[in-house]
2 protein chains.
Amino acid sequence: MISIKFGDEKLCREARLALRDAIELLGGKWKICILQHLEFGTKRFKDLQEKVVGISPKVLAKELLELEQNLLITRTVNNTRPVTVSYSLTPHAYEAQAVYNALLKFGTQQRARVKAQLSHKSSSAERNV
Amino acid sequence: MISIKFGDEKLCREARLALRDAIELLGGKWKICILQHLEFGTKRFKDLQEKVVGISPKVLAKELLELEQNLLITRTVNNTRPVTVSYSLTPHAYEAQAVYNALLKFGTQQRARVKAQLSHKSSSAERNV
DNA sequence: CTTATTGCTTACCTTTAGGAAAGTAACTTT
DNA sequence: AAAGTTACTTTCCTAAAGGTAAGCAATAAG
């Protein structure tokens with residue numbers, strides 16, 4: 001088990017701040033999802049609105065702005081008949097890839113576990129009828 | 001760059017659900033922080049309240065309950081004069097370790113980047129005076 | 001002139017997260 | 001009997017996240 005040590009049980013200040021920053025930036029319902037979709041290549045606003053199922057234009061615009069301000073994506077206005085805007089990942093965004101992978105792995109294990117627990121519970125509930 | 005493939009740009013349903021579950025369970029202001037503190041060993045409610053700076057007993061109780069229900073921690077009532085309650089990680093919790101590490105790494109890089117950007121901006125702002 | 005498309009913005013509202021402060025239950029110490 | 005400790009719970013409140021619906025600007029096609 002590899003574990004990062006911070007002296008005597010004390011998370012140093014920088015580490016705590018870094019952790020909070022990361023959670024704030026990538027947390028919430030949509031961020032990781034948006035980044036993941038952009039990983040397949042540049043996407044227009046409309047594309048994202050369709051791919052990221054359930055997101056509203058308002059929220060999408062907000063999330064994209066935050067990601068742009070944090071240098072994870074680039075916004076480009078294209079010279080097309082109805083204006084289109086493209087969003088693509090910056091190299092920095094690929095650093096978030098590890099977070100995505102870890103979350104996906106953890107989430108998958110977690111789902112399997114909870115599913116197993118539920119089926120166990122329902123079978124013991126049957127016995128209680 | 002290792003990237004998990006989901007066929008033709010389509011996140012399969014299970015993967016999307018797993019991702020959401022993980023974000024819901026580990027997201028928010030306190031969860032990762034609490035797990036990290038428990039990694040140094042069993043802690044009582046009071047200990048956690050002191051170590052996790054700024055958390056209120058109400059929120060701590062809520063977070064601990066959620067973690068327990070998701071099988072990441074164990075709650076034990078001790079036979080002490082004023083009752084004490086111990087919380088410790090289950091083996092499953094160690095699977096969240098990778099998420100923590102990835103977040104910490106990402107957050108650290110992110111902070112460095114944003115810091116650099118700010119100092120650049122302020123120097124160009126000086127030129128605009 | 002009307003309608004469509006793209007990329008938003010605005011206004012309004014509901015839900016959720018989380019903070020502050022006080023209280024409670026069980027037990028011990030003084 | 002009063003006060004302290006631990007582990008909460010309860011109530012009240014605010015701020016932020018997020019949803020719904022509509023509107024708007026620019027342009028083009030019918």
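Chain letters run A, B, ... following the sequence lines, proteins first and then strands; every chain starts at 1.
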Asker: Quickly work out the B:Asn79 CG to C:dT28 C1' distance and round it to whole Å.
Answerer: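 Whole-Å distance recorded here is 15 Å.
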
Asker: Could B:Glu50 and B:Lys46 be called an ion pair, given the rule that one side-chain N must be under 4.0 Å from one carboxylate O?
Answerer: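 Yes, B:Glu50 and B:Lys46 are salt-bridged.
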
Asker: Looking only at atom types and distance, does a side-chain atom of B:Asp47 sit under 3.5 Å from a main-chain N or O of B:Arg44, one as donor and one as acceptor?
Answerer: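 A pair under 3.5 Å: yes.
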
Asker: Rounding to a whole Å, what distance do you find between A:Glu24:CD and C:dG18:C1'?
Answerer: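 Result: 13 Å.
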
Asker: Check whether any side-chain N or O of A:Tyr87 sits under 4.0 Å from OP1 or OP2 of C:dC8, and answer yes or no.
Answerer: yes

Asker: Tell me which one of B:Asn78, B:Thr76, B:Thr42 satisfies side chain to side chain donor-acceptor pair (under 3.5 Å) with B:Ser86.
Answerer: B:Asn78

Asker: Base, sugar-phosphate, or nothing: which does A:Gly28 touch, judged by heavy atoms less than 4.0 Å apart?
Answerer: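 Result for A:Gly28 = sugar-phosphate.
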
Asker: Can you tell me which nucleotide in C:dT9, D:dT9, D:dA7 comes closest to the side chain of A:Ala61?
Answerer: C:dT9

Asker: Using heavy atoms to find the nearest nucleotide of DNA chain D for A:Gly27 and A:Pro57 separately, return the residue whose nucleotide is more 5′.
Answerer: A:Gly27

Asker: Measure CG/A:Asp47 against P/C:dC8 and give the value in whole Å, please.
Answerer: 12 Å

Asker: In whole angstrom, what separates B:Lys46's NZ from C:dC27's P?
Answerer: 20 Å

Asker: So, A:Thr108 side chain and B:Ala18 main chain: donor-acceptor pair closer than 3.5 Å or not?
Answerer: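 Not confirmed, A:Thr108 side chain does not pair with B:Ala18 backbone.
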
Asker: Would you indicate what B:Ser56 reaches in the nucleic acid, counting non-hydrogen atoms under 4.0 angstrom: base, sugar-phosphate, or nothing?
Answerer: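 Here B:Ser56 touches no strand at all.
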
Asker: Using whole Å, report how far CD of B:Gln49 lies from C1' of C:dA21.
Answerer: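 Distance check: B:Gln49 CD to C:dA21 C1' gives 13 Å.
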
Asker: For C:dA21, take OP1 and OP2 only and decide whether either is under 4.0 Å from a side-chain N or O of B:Lys58.
Answerer: no

Asker: Between A:Val59 and A:Pro82, which is nearer to the 5' end of DNA chain D once each is assigned its nearest nucleotide?
Answerer: A:Val59

Asker: Would you state whether a donor and an acceptor, one from the side chain of A:Lys62 and one from the base of D:dG18, lie under 3.5 Å apart?
Answerer: no

Asker: Nearest whole angstrom, please: distance from the P of C:dC27 to the CG of B:Asn78.
Answerer: 15 Å

Asker: Send over the distance from A:Phe45 CZ to C:dG7 C1', rounded to a whole Å.
Answerer: 6 Å

Asker: Assess whether side-chain contact (heavy atoms from CB on, under 4.5 Å) is satisfied between A:Arg111 and B:Leu17, documenting all intermediate values.
Answerer: CA-CA 9 Å; A:Arg111 294 207 108 220; B:Leu17 293 176; 3.5 Å; yes

Asker: In whole Å, I'd like the distance from the CZ atom of A:Arg44 to the C1' atom of C:dC8.
Answerer: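 Answer to the nearest Å: 14 Å.
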
Asker: With respect to the side chain of A:Thr84, which nucleotide from C:dT6, C:dG18, D:dG18 is positioned closest?
Answerer: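 Within the option list, the nearest is C:dT6.
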
Asker: Quick check for you: among C:dG7, C:dG19, D:dA28, whose closest atom lies nearest to any side-chain atom of A:Arg81?
Answerer: D:dA28

